[in-house]
Amino acid sequence: MEKTFAIIKPDAVERNLIGKILERIESAGFRIVAMKRTLLTKENAEGFYAVHKERPFFGELTDSMSTGPVVLLVLEKENAISAWRDLMGATNPKDAAPGTIRKDFAIDLGRNSAHGSDAPETAAFEISYFFNQLEIIS
Ligand code: IDP
Ligand code: MG
């Protein structure tokens, strides 16, 4: 079983979409093995998105991720990393396929409702950034 890391972003929490997104996650066969609702500091967001620190949108991204509460999740499934990215849809909701979370719920590129790890190494880093081993119960 593979694990991936997911965030329900502030734009989705703000619009009371936590339940609808969790419903899609469970219906797609993921097991939620860790979960917490919290508010990221700007510094938390900068550390989490450090791979993007040279990008022009880094300031905007880390501001938006720390504007309101998020839900942090560890998801388990076979091929969880790619399966969760498929369920989320393309980064820009304009390009996202029908039936994906970003197509159905996202507002725009900066408010695209969900995050997902993109590779095994990033999943390991992202899970350990927010959860300790005692909090992850398969
Ligand atoms: P991902 O979330 O699909 O993995 P990344 O390229 O890793 O996409 O970018 C991280 C996040 O940064 C995106 O989900 C999106 O919210 C935001 N983002 C990406 N590109 C831009 C941009 O050009 N302008 C503003 N925000 C962006
Ligand atoms: Mg990414």
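First listed ligand is number 1; within each ligand, the first listed atom is number 1.
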*Asks:* What do we get for Arg102 next to ligand 1 when only non-hydrogen atoms under 4.0 Å count, side chain, backbone, both or neither?
*Replies:* side chain

*Asks:* Between Lys9 and ligand 1, find which residue part has any heavy-atom pair under 4.0 Å and reply side chain, backbone, both or neither.
*Replies:* side chain

*Asks:* Distance to 0.1 Å, residue and atom name: give those for the protein heavy atom nearest to atom 11 (C) of ligand 1.
*Replies:* Leu61 CD1, 3.8 Å

*Asks:* Could you check atom 25 (C) of ligand 1 against the protein and tell me its nearest heavy-atom contact, residue, atom and distance included?
*Replies:* Phe57 CB, 3.6 Å

*Asks:* Under 3.5 Å, is there a donor-acceptor pair between the Ser27 and Glu23 side chains?
*Replies:* yes

*Asks:* Classify the ring geometry of Phe48 against Tyr129: parallel below 30°, tilted from 30° to 60°, perpendicular beyond 60°.
*Replies:* tilted

*Asks:* Before accepting this row, confirm whether a basic side-chain N of the pair Lys3/Glu76 lies closer than 4.0 Å to the acidic partner's carboxylate O.
*Replies:* yes

*Asks:* Considering only protein heavy atoms, which is closest to atom 4 (O) of ligand 1, and at what distance to one decimal place?
*Replies:* Arg85 NH1, 3.1 Å

*Asks:* Taking the six-membered ring of Phe130 as reference, does the NZ or CZ atom of Lys36 fall below 6.0 Å from its centre and within a 45° cone about the axis?
*Replies:* no

*Asks:* Please confirm whether Lys53 makes a cation-pi placement over Phe58, using NZ or CZ under 6.0 Å from the six-membered ring centre and within 45° of the ring normal.
*Replies:* no

*Asks:* Taking atom types as modelled, is there a side-chain donor on Asn44 or Thr41 under 3.5 Å from an acceptor on the other?
*Replies:* yes

*Asks:* Show me which atoms of ligand 1 lie under 4.0 Å from any heavy atom of Asn112.
*Replies:* 13 (C), 14 (O), 15 (C), 16 (O)

*Asks:* Closer than 4.0 Å to some heavy atom of Glu60 - which atoms of ligand 1 meet that?
*Replies:* 25 (C)

*Asks:* Give the atom numbers and elements of ligand 1 that come within less than 4.0 Å of a heavy atom of Thr91.
*Replies:* 1 (P), 3 (O), 8 (O), 13 (C), 14 (O)

*Asks:* Does one side chain, of Thr62 or Lys42, offer a donor that lies under 3.5 Å from an acceptor on the other?
*Replies:* yes

*Asks:* Below a 4.0 angstrom heavy-atom separation, can you tell me which part of Met88, side chain or backbone, both or neither, approaches ligand 1?
*Replies:* neither

*Asks:* For ligand 1, is any non-hydrogen atom under 4.0 Å from Leu109's backbone (N, CA, C, O), its side chain (CB onward), both, or neither?
*Replies:* both

*Asks:* Do Arg24 and Asp104 meet the salt-bridge criterion of a basic N to acidic O distance under 4.0 Å?
*Replies:* yes

*Asks:* Measure the distance from atom 5 (P) of ligand 1 to every protein heavy atom, then report the residue, atom name and distance (to 0.1 Å) of the closest one.
*Replies:* His52 NE2, 3.6 Å

